[in-house]
Chemist: 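Got a structure here, written out as structure tokens. Questions coming.
Positions are given from 1 along the sequence.
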Amino acid sequence: MGRMSHALPIFPWPVLAALCTVPLLFATDPAPREWPAYGGGPEDIRYSTLRQINRANVSQLTMAWSYDAQDGPGGLQTSPIIVGGVLYANTPKHQVIALEAATGKLLWKFDSGLDLRGPNRGVTYWAEAGERRIFAAAGSYVYALDARTGKAIAGFGRAGRIDLRDDLGRDAEQQSVVLTTPGIVYKDLLIVGGRTAESLPASPGDIRAYDV
């Protein structure tokens with residue numbers, strides 16, 4: 001069931017759901033595939049080569065599980081990723097959750113403590129030599145989280161986070177930069193853009209790379 005859930009790119013309510021087909025279809029399951037990045041992978045083409053769901057059986061899909069973030073009213077634009085059988089996503093209040101993809105069981109939740117709403121379309125994953133990190137945006141901040149525990153990694157930035165208002169050559173307190181779409185990872189670099197104001201004076205729309 002977990003390997004099916006990564007085909008669900010966007011959830012419009014504060015409920016995350018995974019779908020499965022009737023048990024007969026699992027008799028010839030291919031090896032599990034992952035959905036490790038926003039849009040499916042580095043190409044960002046939102047396409048999976050899995051053939052288990054097709055035109056002939058799509059009408060047989062039924063609910064396997066659901067998760068209610070209990071965040072109250074608000075829109076949700078998260079596009080979950082699937083790595084190692086774990087689903088990572090945002091909630092409407094920009095908390096980060098890790099769910100067991102096969103069952104929907106909550107493994108951990110990260111709350112930045114900031115009161116946030118609005119677009120937050122996903123997280124970024126990085127791994128090397130047994131270390132795994134989730135990079136998650138919360139307003140102007142980007143946090144590095146331990147993918148196993150959801151705890152902020154103190155050695156990243158300042159106390160586990162970077163502030164996108166910094167390093168723009170202007171007074172940081174006067175800047176407005178938020179990350180609404182997750183960055184991408186290239187080797188050991190986290191590359192991000194950001195949303196800026198649409199009126200003057202607006203912050204620079206710089207593209208920046210950070211050491212993971």
Chemist: Return the minimal non-hydrogen interatomic distance between Arg170 and Ala202, and the atom names on each side.
Modeler: NH1-O, 2.9 Å
Chemist: Do you know which two heavy atoms are closest between Trp65 and Glu100, and how far apart they sit?
Modeler: CZ2-O, 4.3 Å
Chemist: Holding to ring-ring contact (aromatic ring centres under 6.0 Å, His included), I want the full list of residues that pass it with Tyr210, two or more places apart in sequence or in another chain.
Modeler: none
Chemist: Hey, could you give me the OH/CD1 distance between Tyr88 and Ile82, rounded to the nearest 0.5 Å?
Modeler: 9.5 Å
Chemist: Output the distance between atom OG (Ser176) and atom CD (Glu198), rounded to the nearest 0.5 Å.
Modeler: 10.5 Å
Chemist: Examine Tyr38 and Ile184 and state if one hydrophobic cluster contains both, with Ile, Leu, Val, Met, Phe, Trp and Tyr joined whenever side-chain heavy atoms are less than 4.5 Å apart.
Modeler: no
Chemist: Quick check: does any side chain N or O of His94 sit under 3.5 Å from a backbone N or O of Gly118, one acting as donor and the other as acceptor?
Modeler: yes
Chemist: Do Asp166 and Arg208 have side chains that get closer than 4.5 Å, going by heavy atoms?
Modeler: no
Chemist: Begin with the C-alpha distance, continue with both residues' side-chain angles, and end with the deciding distance and a verdict on side-chain contact (heavy atoms from CB on, under 4.5 Å) for Trp108 and Val96.
Modeler: CA-CA 8 Å; Trp108 55 255; Val96 185; 3.9 Å; yes
Chemist: Tell me, please, which residues at least two apart from Phe156 pass ring-ring contact (aromatic ring centres under 6.0 Å, His included).
Modeler: Phe135
Chemist: Sub-3.5 Å donor-acceptor pair from the side chain of Trp126 to the main-chain atoms of Leu189, do we have one?
Modeler: no
Chemist: Please report the closest heavy-atom contact between Pro36 and Val83, naming both atoms and the distance.
Modeler: CA-CG2, 3.7 Å
Chemist: Output the distance between atom CD1 (Ile53) and atom CD (Gln60), rounded to the nearest 0.5 Å.
Modeler: 10.5 Å
Chemist: Got a donor-acceptor contact below 3.5 angstrom from the Asn120 side chain to the Ala137 backbone?
Modeler: yes
Chemist: To the nearest 0.5 angstrom, please state how far the NZ atom of Lys93 sits from the OG1 atom of Thr91.
Modeler: 8.0 Å
Chemist: Could you check whether any side-chain heavy atom of Pro201 comes within less than 4.5 Å of a side-chain heavy atom of Gln174, counting everything from C-beta outward?
Modeler: no
Chemist: Do Asp163 and Arg165 sit within salt-bridge range, that is, some charged N less than 4.0 Å from a carboxylate O?
Modeler: yes
Chemist: Quick check: are there more than 12 heavy atoms from other residues, nucleotides or ligands sitting under 6.0 Å from NZ of Lys109?
Modeler: yes
Chemist: Between the side chains of Ser79 and Arg121, is a donor N or O closer than 3.5 angstrom to an acceptor N or O?
Modeler: no
Chemist: Examine distances only and state if a side-chain atom of Asn57 and a backbone atom of Gln52 form a donor-acceptor pair shorter than 3.5 Å.
Modeler: yes
Chemist: Please check if the number of heavy atoms outside Asp115 that lie under 6.0 Å from its CG is greater than 12.
Modeler: no
Chemist: Using every non-hydrogen atom in the two residues, find where Thr180 and Pro119 come nearest and quote the distance to one decimal.
Modeler: CG2-O, 3.8 Å
Chemist: Is the backbone of Arg46 close enough, under 3.5 Å, to the side chain of Trp35 for a donor and an acceptor to pair up by distance?
Modeler: no
Chemist: Under 3.5 Å, side chain of Asn90 to main-chain N/O of Gly122, donor-acceptor pair present?
Modeler: yes
Chemist: Could you check whether any side-chain N or O of Ser203 sits under 3.5 Å from a backbone N or O of Thr196, counting only pairs where one atom can act as donor and the other as acceptor?
Modeler: no
Chemist: Find the distance between CD (Gln175) and CG (Leu164) and round it off to the nearest 0.5 Å.
Modeler: 11.5 Å
Chemist: Quick check: is Leu116 connected to Val192 through a chain of hydrophobic side chains (ILVMFWY, heavy atoms under 4.5 Å apart)?
Modeler: no
Chemist: Do Ile162 and Val212 sit in one hydrophobic cluster, given that two such residues count as connected whenever their side-chain heavy atoms are within less than 4.5 Å of each other, even indirectly?
Modeler: yes
Chemist: With side-chain contact (heavy atoms from CB on, under 4.5 Å) as the test, would you mind laying out the steps for Ile134 and Phe110 before giving the verdict?
Modeler: CA-CA 11 Å; Ile134 297 293; Phe110 172 79; over 6 Å; no
Chemist: Minimum heavy-atom separation for Val86 to Ala98, with atom names?
Modeler: CG1-CB, 3.9 Å
Chemist: If you look at every heavy atom in Ala209 and Ile191, which pair is closest and at what distance?
Modeler: CB-CG1, 4.0 Å
Chemist: Taking everything shown except Ile45 itself, do over 12 heavy atoms lie less than 6.0 Å from its CD1?
Modeler: yes
Chemist: For the residue pair Tyr141 and Leu114, establish whether any side-chain heavy-atom pair is separated by less than 4.5 Å.
Modeler: yes
Chemist: Could you state the interatomic distance from CG (Leu107) to CG (Leu87), rounded to the nearest 0.5 Å?
Modeler: 9.5 Å
Chemist: Working note: Asp71 + Leu76, criterion side-chain contact (heavy atoms from CB on, under 4.5 Å); need CA distance, chi angles, decisive distance, verdict.
Modeler: CA-CA 10 Å; Asp71 269 1; Leu76 183 65; over 6 Å; no
Chemist: Group every Ile, Leu, Val, Met, Phe, Trp and Tyr by side-chain heavy-atom contacts under 4.5 Å, then state whether Leu179 and Tyr143 land in the same group.
Modeler: no
